[in-house]
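Read through the structure below, which is laid out as structure tokens, and then see the notes.
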Amino acid sequence: MAEYNFRDIEKKWQAYWAENKTFESKVDKSKPKFYALDMFPYPSGAGLHVGHPLGYIASDIVARFKRIKGYNVLHPMGFDAFGLPAEQYAIQTGQHPAVTTRQNIEKYKTQLKNMGFSFDWDKEVQTCDPKFYKWTQWITIQLFDSWYDKEKESARPVSELVTVFEQDGNEKLKAVCDDDTPVFSAKEWAGLTTGQQQRLLLKYRLCYLSETTVNWCPALGTVLSNDEVKDGFSERGGHPVIRKNMSQWSMRITAYAERLLHGLEVIDWPEPLKEMQRNWIGKSTGAELDFATEVEGVKIRVFTTRIDTIFGVTFLVLAPESELVEKLTTREQEEAVRTYVQTAQNRSERDRMSDVKTISGVFTGSYAIHPFSGEKVPVWVADYVLSGYGTGAVMAVPAGDSRDHAFARHFDLPIVKIIEGTEIEHEADDTKVGKMVNSGFLDGLEAMDAIDKAVEVAEEQAIGEAKINFRMRDAIFARQRYWGEPMPIYFKDNIPYPLPVEQLPLELPEIDAYKPTEDGEPPLGRARDWKPQEGSHYELSTMPGWAGSSWYFFRYMDAHNEDVLVDKEIQEYWENVDLYIGGSEHATGHLLYARFWTKFLYDLGYVNVDEPFKKLVNQGMIQGRSNFVYRIQGSNRFVSKNLKDQYETSAIHVDVNMVDNDILDIEKFKSWWPDLADAEFILEDGKYICGSEIEKMSKRYHNVVNPDDIVEKYGADTLRLYEMFLGPLEQFKPWNTNGIDGVFKFLRKFWNLFHDSQGNFRVSKEAPGKEALKIMHQTIKKAEEDIDRLSFNTSVSSFMICANELTRLQCNNREILENFVVILSPYAPHIAEELWAKLGHEESILNASFPSYHEDYFKEAAYEYPVSVNGKMRAKMSFALDMPHEDIEKQVLASEVIQRWTEGKTPRKVIIVPKKIVNIVV
RNA sequence: GCGGAUGUGGCGAAAUUGGUAGACGCACUAGACUUAGGAUCUAGCGCCGCGAGGCAUGGGGGUUCGAGUCCCUCCAUCCGCACCA
């Protein structure tokens with residue numbers, strides 16, 4: 001009997017697709033386009049586990065669905081191939097990262113191809129390929145050669161900036177630049193040396209070099225961007241991170257803060273993810289205000305969002321790093337302040353964060369003058385004020401801010417009530433509701449109105465102005481590592497210049513080892529004779545991991561173009577990504593940087609969209625389910641889970657592949673390690689039961705399930721269906737193979753619909769019955785609607801119902817089955833292709849078209865209305881489709897059954913919800 | 001602390017606009033066919049009750065003829081941010 005033989009079928013069709021380039025996509029203006037993209041993987045040595053394909057399956061279903069709906073689909077795949085693990089491995093083994101990366105990529109591709117994805121492999125990109133990173137470098141040069149015009153809200157070439165400087169200096173210019181940029185006139189500009197001019201221009205460039213405090217990770221020997229640091233440790237490897245001043249390349253992403261925020265309103269992304277980006281950008285609207293001090297010529301500028309509380313200010317606080325600290329410290333306080341500042345500076349990021357609740361600070365000895373009341377307010381230094389945010393100085397309002405309140409109480413500073421009716425003795429009240437009191441000209445105003453009034457007065461008196469601040473910082477754009485894109489920058493006389501475009505790509509040089517040099521230079525310092533010309537040298541840092549991933553989605557459109565990063569016409573056809581699937585862990589990294597670069601390329605006219613991803617879906621991670629055995633301490637005996645409390649045991653992770661339904665395969669276990677060969681076991685009911693826990697799927701927990709094993713045992717189609725069946729795409733869920741049989745049985749049942757008991761292919765031309773038509777059209781409708789809302793699990797269920805029903809009806813009508821094959825094909829492409837071919841079609845099922853459904857087939861002539869009495873379901877009654885309400889009402893009330901439920905009472909009300917329910921209220 | 005999400009049988013989960021809660025699958029139970037079954041088929045399967053019926057969507061309250069769905073409140077779990085003035 002010829003059973004459903006998935007192995008042969010899958011092999012056959014994968015070969016067919018490759019040979020016929022079935023998934024190739026070309027610009028075709030006669031069809032609407034659809035761009036379905038997955039976040040490309042980093043090819044790690046461990047290979048794919050069952051969690052990786054989840055998102056790929058979903059996007060593949062959509063891609064295949066859109067194809068049979070008549071769209072021209074771009075569905076590519078590639079590799080984010082630069083990165084730390086390959087480099088760490090290289091440091092340990094001396095093996096070139098390019099070699100291991102290539103091997104890993106091959107492994108990934110084999111695994112991916114086994115799952116039947118409809119990727120157009122001709123469009124594959126690898127970020128570590130010089131042909132690709134040529135353009136990453138090219139974009140970097142464009143960023144270097146651009147500045148941000150606040151007036152036009154757009155990036156512009158630096159050459160135009162130079163023209164502005166030559167004509168007017170920078171006095172009237174509205175541009176985004178470093179905070180310490182001096183004001184100069186055209187005349188002053190003309191008087192500068194080339195070197196001085198270049199240094200000034202760096203303060204405007206979107207890719208720039210500056211002296212900044214960076215996150216330095218000593219263990220990795222490199223700087224990290226803010227999104228790569230989690231709780232004071234590096235995200236990769238978990239090494240401690242310290243603050244350090246260094247000259248570093250950065251990207252002026254802050255120039256785009258406002259647009260990055262606004263853009264969120266027009267894209268279809270999950271709300272939580274948008275919220276994360278909003279938080280990260282951290283816009284706050286407030287005002288800056290100057291406080292004069294007792295020291296001649298020194299003013300303290302503060303940023304506040306609550307200028308309405310200005311009369312509640314009882315002291316000012318400076319960040320320890322503020323340069324005003326020195327100027328304002330009196331002789332008597334000098335010693336104390338210096339000690340405090342030094343302690344604060346020496347604390348690592350980690351210490352400072354873990355110590356948030358400790359209140360510390362020191363008085364500078366001097367006083368500032370309240371701009372409105374003229375009162376003296378003491379100036380303090382405290383590390384709860386951050387140098388990197390706002391102006392590095394705050395006006396403290398203990399009545400309205402809990403930190404100020406705590407500080408005031410700790411150091412016994414006054415607390416002044418400024419909003420009527422608030423209770424502020426023990427706690428600050430930060431609500432903006434109530435009338436102002438003790439507040440001079442603000443008295444009697446509502447807090448919200450007082451904000452506007454205070455800003456108005458401050459601007460009138462020229463002591464302050466409305467101001468918007470962002471929490472987001474510029475992104476560090478260099479790593480002191482080998483395995484990344486070399487910066488296309490060289491230095492001459494200590495001034496950085498971009499490499500001429502025709503010299504790109506600047507390829508990674510060969511080096512003898514992948515560690516930093518003896519004198520602490522990055523690994524590229526080891527490269528010999530690696531310089532553009534005598535007297536100049538290349539930048540030794542490489543780009544961060546996010547460089548290539550910030551624009552790769554454009555490259556797929558035109559992956560082999562050697563002249564431009566993407567052909568304009570081609571890009572204008574594909575525009576941007578219609579559906580992007582990937583993990584939410586990239587919320588404040590990749591997904592922000594990609595938006596930034598897209599907006600930049602848009603400003604310069606290289607692309608015609610300013611958002612890269614129209615719709616984004618976060619697939620939930622598939623977690624691992626770890627199993628444990630319990631070793632009796634100091635022995636080679638293992639005790640079953642429910643008996644373990646009788647002994648002193650330690651739990652040991654055991655490879656989940658030796659465990660079935662928590663029952664340990666003792667023979668396999670014994671051969672796991674040599675010293676387990678003579679292990680003894682204390683069993684319960686003759687079995688060894690393992691403990692279990694949900695953890696991240698990882699090699700070190702021995703809980704990795706390889707999709708290859710599932711494909712081998714059940715086939716790729718079953719794996720695809722099962723991963724979708726597991727639950728909603730967005731949800732996190734542990735991997736569990738328990739239910740996979742059900743899905744496999746469905747495929748076999750589906751196969752059997754087309755085959756007789758001898759295994760001969762068999763469909764009939766006999767007209768299908770009403771019931772068969774009904775279930776078929778319902779299923780078509782469901783399949784279509786479910787894909788539109790990415791509800792794949794419910795779709796799989798409806799396929800099963802359909803197969804059950806058709807089997808029960810013994811229906812093997814040709815057209816019905818043909819429709820079924822087509823709607824199933826996005827989910828289980830191999831079996832669908834096979835049956836499609838058996839049905840006599842010569843082309844791939846991707847050339848089929850998705851069937852349309854007709855509600856007539858499953859609409860009944862009459863509706864069955866549930867009837868409820870006082871909201872409680874009581875009976876079912878049939879009514880004709882278009883029966884008027886009055887007739888329905890009459891019929892219901894006349895019914896003896898209903899009379900009984902209403903106990904003969906006359907109803908007060910009869911509610912008829914068309915096509916849904918009839919409710920009688922007594 | 002702030003922000004966001006989630007909470008439904010033994011388990012994974014359905015329920016698209018408020019309208020018969022638990023579809024579908026797993027596990028389980030009984031039966032059929034079998035030399036046998038980790039194959040297949042049939043039936044059952046939220047809880048209490050012999051039954052009619054009653055109770056059930058984290059707890060409590062509300063709106064409604066009617067609430068898993070809307071509102072308030074509390075609890076639990078997960079995620080993100082965390083001295084951002």
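The model shown is predicted, which means the values in this text are computed figures rather than measured ones. Every chain is numbered from 1, with letters handed out A, B, ... down the list of sequences.
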Provide, to the nearest angstrom, the distance between the [atom1] atom belonging to [X] and the [atom2] atom belonging to [N].
X      : N      : atom1 : atom2 : value
A:L729 : B:rA13 : CG    : P     : 13 Å
A:L273 : B:rG4  : CG    : P     : 15 Å
A:E785 : B:rA14 : CD    : C1'   : 15 Å
A:E271 : B:rG80 : CD    : P     : 18 Å
A:F744 : B:rC24 : CZ    : P     : 22 Å
A:K432 : B:rA85 : NZ    : C1'   : 12 Å
A:F799 : B:rA13 : CZ    : P     : 20 Å
A:N618 : B:rG80 : CG    : C1'   : 12 Å

Measure from the side-chain N and O atoms of [X] to the backbone N and O of [Y], and report whether any donor-acceptor pair falls under 3.5 Å.
X      : Y      : answer
A:K274 : A:E265 : no
A:K283 : A:F470 : no
A:H586 : A:G582 : no
A:N215 : A:L224 : yes

Which of these nucleotides, [options], is closest to any side-chain atom of [X]?
X      : options                : value
A:P272 : B:rG4, B:rU16, B:rC83  : B:rG4
A:I917 : B:rC26, B:rG25, B:rG19 : B:rG19
A:N793 : B:rC26, B:rA14, B:rG80 : B:rA14
A:Y389 : B:rA85, B:rU16, B:rA23 : B:rA85
A:I911 : B:rG19, B:rC26, B:rU20 : B:rG19
A:M276 : B:rG80, B:rU20, B:rA85 : B:rG80

Could you tell me how far [M] sits from [N] if I compare only their [atom1] atoms? Round to whole Å.
N      : M      : atom1 : answer
B:rC70 : B:rG51 : C1'   : 38 Å
B:rA82 : B:rC11 : P     : 37 Å
B:rA56 : B:rG9  : C1'   : 10 Å
B:rG18 : B:rC41 : P     : 40 Å
B:rG49 : B:rG10 : P     : 16 Å
B:rA21 : B:rG66 : P     : 14 Å
B:rU17 : B:rG7  : C1'   : 23 Å
B:rA15 : B:rC2  : C1'   : 34 Å

Contacts of type side chain to side chain contact (heavy atoms under 4.5 Å, CB included), residue A:P414, not counting sequence neighbours: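 Residues passing side chain to side chain contact (heavy atoms under 4.5 Å, CB included) with A:P414: A:T314.
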
With A:E805 via side chain to side chain contact (heavy atoms under 4.5 Å, CB included) - residues at least two apart: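 A:E805: side chain to side chain contact (heavy atoms under 4.5 Å, CB included) contacts with A:E771, A:I775, A:R808, A:L809.
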
Phosphate OP1/OP2 of [N]: any [X] side-chain N/O under 4.0 Å:
X      : N      : result
A:N279 : B:rG4  : no
A:N469 : B:rA85 : no
A:T794 : B:rC24 : no

Syn/anti state of B:rG7 by chi, 90° boundary around 0: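 Nucleotide B:rG7 adopts anti.
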
A:R595 NZ/CZ over A:W280 ring centroid, <6.0 Å and within 45° of normal: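 Because its charged atom misses either the 6.0 Å distance or the 45° angle limit, A:R595 does not stack over A:W280.
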
Touch class at under 4.0 angstrom, heavy-atom based, for A:N804 against every strand present: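 The residue A:N804 makes sugar-phosphate contact but no base contact.
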
Set of side-chain hydrogen bond (donor to acceptor under 3.5 Å, both in side chains) partners for [X], sequence neighbours left out:
X      : answer
A:Q623 : none
A:T364 : A:S366
A:K713 : none
A:Y389 : A:S284

Dot-bracket pairing map - RNA chain B, Watson-Crick plus G-U, both contacts under 3.5 Å, | cross-strand: (((((((..(((......[....))).(((((.......))))).(((....)))..(((((..]....))))))))))))....

Pairwise 5' ranking along RNA chain B for A:S798 and A:I920, keeping only the more 5' one: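 Per heavy-atom nearest nucleotide, the more 5' residue is A:S798.
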
Counterpart residues, ring-ring contact (aromatic ring centres under 6.0 Å, His included), relative to A:Y593 (two or more places apart):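 For A:Y593, the residues satisfying ring-ring contact (aromatic ring centres under 6.0 Å, His included) (neighbours in sequence not counted) are A:W546.
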
Atom pairs under 3.5 Å: protein N/O with N/O of nucleotides 10-12 of chain B:
unit_1 : atom_1 : unit_2 : atom_2 : d
B:rG12 : O2'    : A:L726 : O      : 2.5

Enumerate all atom pairs, one protein N or O and one N or O from nucleotides 37-46 of chain B, separated by less than 3.5 Å.
unit_1 : atom_1 : unit_2 : atom_2 : d
B:rU40 : OP1    : A:R748 : NH2    : 2.7

Set of residues satisfying salt bridge (Lys or Arg N to Asp or Glu O under 4.0 Å) with respect to A:E228, sequence neighbours excluded: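 Listed in chain order: A:R479.
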
Counterpart residues, salt bridge (Lys or Arg N to Asp or Glu O under 4.0 Å), relative to A:D786 (two or more places apart):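 If we apply the salt bridge (Lys or Arg N to Asp or Glu O under 4.0 Å) test to A:D786, skipping adjacent residues, the hits are A:K782, A:R789.
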
